[in-house]
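In what follows, a single structure is set out as structure tokens and then discussed.
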Amino acid sequence: MPTIHDVAREAGVAASTVSRAFSNPRRVNVHTRQHIVAVAERLGYRPNPLARALPSGRTTTIGLLLPDVTNPFFFGIIRGAERQANAAGYTLILMDTEESPEVETHNVERLGRAVDGFVLASSRQSEADIRAAAGRNAVVLINKQVAGVPSVVIDNTEGTRQVVEHLASLGHRSLTYLSGPPASWSNANRWAALRESAGRLGMRVTRIGPFSPTVSGGAAAADAAIGRGATAVVAFNDMLAIGTLRRFAERGWRVPSDISVVGYDDIFGADFCSPPLTTLASPREDCGRTAIDLLLRGGRGEVVLPSHLVVRGSTGFVTG
């Protein structure tokens, strides 16, 4: 690959002039810069973003941290963030924090100087650690609220009301929440919304767990739900809900005749399982796009995006 020295020699200027032409073009005569850019394009030279960051203080790179990159919920967030970053001329670095607040904190500290900011999706860090990170770098949160840190969240309150009213309309008078990771802000938010909505309608609601937010975690969740007396379960996410569908089938429980199942997120595949899953859909690509936009323009406050209920075959009338 051609180097900055190759461009300088071909253009007949100093290497430092080539560097300024890309990192601080206002310090270079416009005609000289145009000549340097033309030579660089002809040679196929591409400036190193990290090298450009030395004089400019910017890397045109953003870190996107996720607790589990294999979870389909995050696919849309990644796609939306990547498209928005690319449109603005930025590169996105993706990191899987393995559901660990310690891994997440370590990655933020390690990469702080290599990026212009972080988008933390469903962060597992404590509020104190997030505030500390926001004191060192630009930070935007997805699916978490921390005072003073800009965020993009999904309206679980209104969406959960739709879930509970749907189940009530089918004759359900009780439901069980299959909770997810204790460090998840969404988990606490969804449980609070379920209690509020159920209480308003006079429904009984209980919580069991926590369970791993995966298909394999659904087996333990389904076993724990059997015998609780609820006629419907609401799972922390679709992965967990799909796992319960499989386990209920293995144990001879018919869905929705014996028990109804609802998930959150409407991930890819939620309509492929048997029966197709009723779930609360969220605008995940919009989350990614909005978070990058907030980060790049230095936005503040909170952006709330709507969710909506998608009714499929896993919920039905109470028969017993």
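For this chain, numbers begin at 1 and follow the sequence in order.
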For side-chain contact (heavy atoms from CB on, under 4.5 Å), just list the numbers for Phe236 and Arg190, CA-CA rounded to whole Å, side-chain angles, deciding distance to a tenth of an Å, and then say yes or no.
CA-CA 8 Å; Phe236 164 72; Arg190 289 167 181 175; 3.8 Å; yes

Ring centre gap for Phe73 and Phe268 strictly below 6.0 Å:
no

Any side-chain donor near an acceptor of the partner, Asp6 and Thr3, under 3.5 Å
yes

Ser100 and Glu98: side chain donor to acceptor below 3.5 Å:
no

Salt-bridge present (Arg297, Asp293; N to O < 4.0 Å)
yes

Minimum side-chain heavy-atom gap Leu167-Leu175 below 4.5 Å
yes

Counting only N and O atoms by type, is there a donor-acceptor contact under 3.5 Å from the side chain of Asn143 to the main-chain atoms of Ala121?
no

Would you kindly say whether Ser307 and Tyr264 are connected by a side-chain donor-acceptor distance under 3.5 Å?
no

Is there a donor-acceptor contact under 3.5 Å from the side chain of Ser169 to the main chain of His166?
yes

So, is the end of the Arg254 side chain (NZ or CZ) under 6.0 Å from the ring centre of Phe248 and within 45° of the ring's axis?
no

Distance-only polar pair, side chains of Asp266 and Thr279, donor-acceptor under 3.5 Å:
no

Asn237 and Asp265: side-chain donor and acceptor closer than 3.5 Å?
no

Side-chain H-bond candidate by donor/acceptor type, Gln125 with Thr105, under 3.5 Å
yes

Does the side chain of Val108 reach to within under 4.5 Å of the side chain of Arg136, using non-hydrogen atoms?
yes

Side chains of Arg83 and Asn86: donor-acceptor distance under 3.5 Å anywhere?
no

Is a salt bridge present between Glu10 and Arg42, judged by a nitrogen-to-oxygen distance below 4.0 Å?
yes

Starting from Leu170 and following side-chain heavy-atom contacts under 4.5 Å between hydrophobic residues (I, L, V, M, F, W, Y), which residues can be reached?
Phe317

Let me see the working for Thr206 and Thr176 under side chain to side chain donor-acceptor pair (under 3.5 Å), right down to the final yes or no.
CA-CA 5 Å; Thr206 58; Thr176 295; 3.2 Å; yes

Partners meeting salt bridge (Lys or Arg N to Asp or Glu O under 4.0 Å) with Glu196 (sequence neighbours left out)
Arg200

Tell me yes or no: between the side chains of Ser186 and Ser184, is some donor less than 3.5 Å from an acceptor?
no

Are Ile36 and Phe22 packed together at the side-chain level, in the sense that at least one heavy-atom pair is separated by less than 4.5 angstrom?
yes

Hydrophobic cluster partners of Val304 (side-chain heavy atoms under 4.5 Å):
Val153, Trp185

Donor + acceptor pair across side chains of Glu104, Ser123 (<3.5 Å):
yes

For a 4.5 angstrom cut-off between non-hydrogen side-chain atoms, does Ile130 reach Lys144?
yes

Option among Val262, Thr278, Val261, Val205 that satisfies the side-chain contact (heavy atoms from CB on, under 4.5 Å) test with Val234:
Val262

Just so I know, are the side chains of Ser179 and Arg207 near enough to count as touching, which here means a heavy-atom distance under 4.5 Å?
yes

Can Ser257 and Thr319 be counted as having a side-chain donor-acceptor contact under 3.5 angstrom?
no

Tell me, do Leu66 and Leu120 make a side-chain contact under 4.5 Å, heavy atoms counted?
no

Could you go through the side-chain contact (heavy atoms from CB on, under 4.5 Å) check for Leu295 and Ile62 one step at a time?
CA-CA 9 Å; Leu295 187 74; Ile62 298 169; 3.6 Å; yes

Check Arg247 with Glu250, please: is the shortest side-chain N to carboxylate O separation under 4.0 Å?
yes

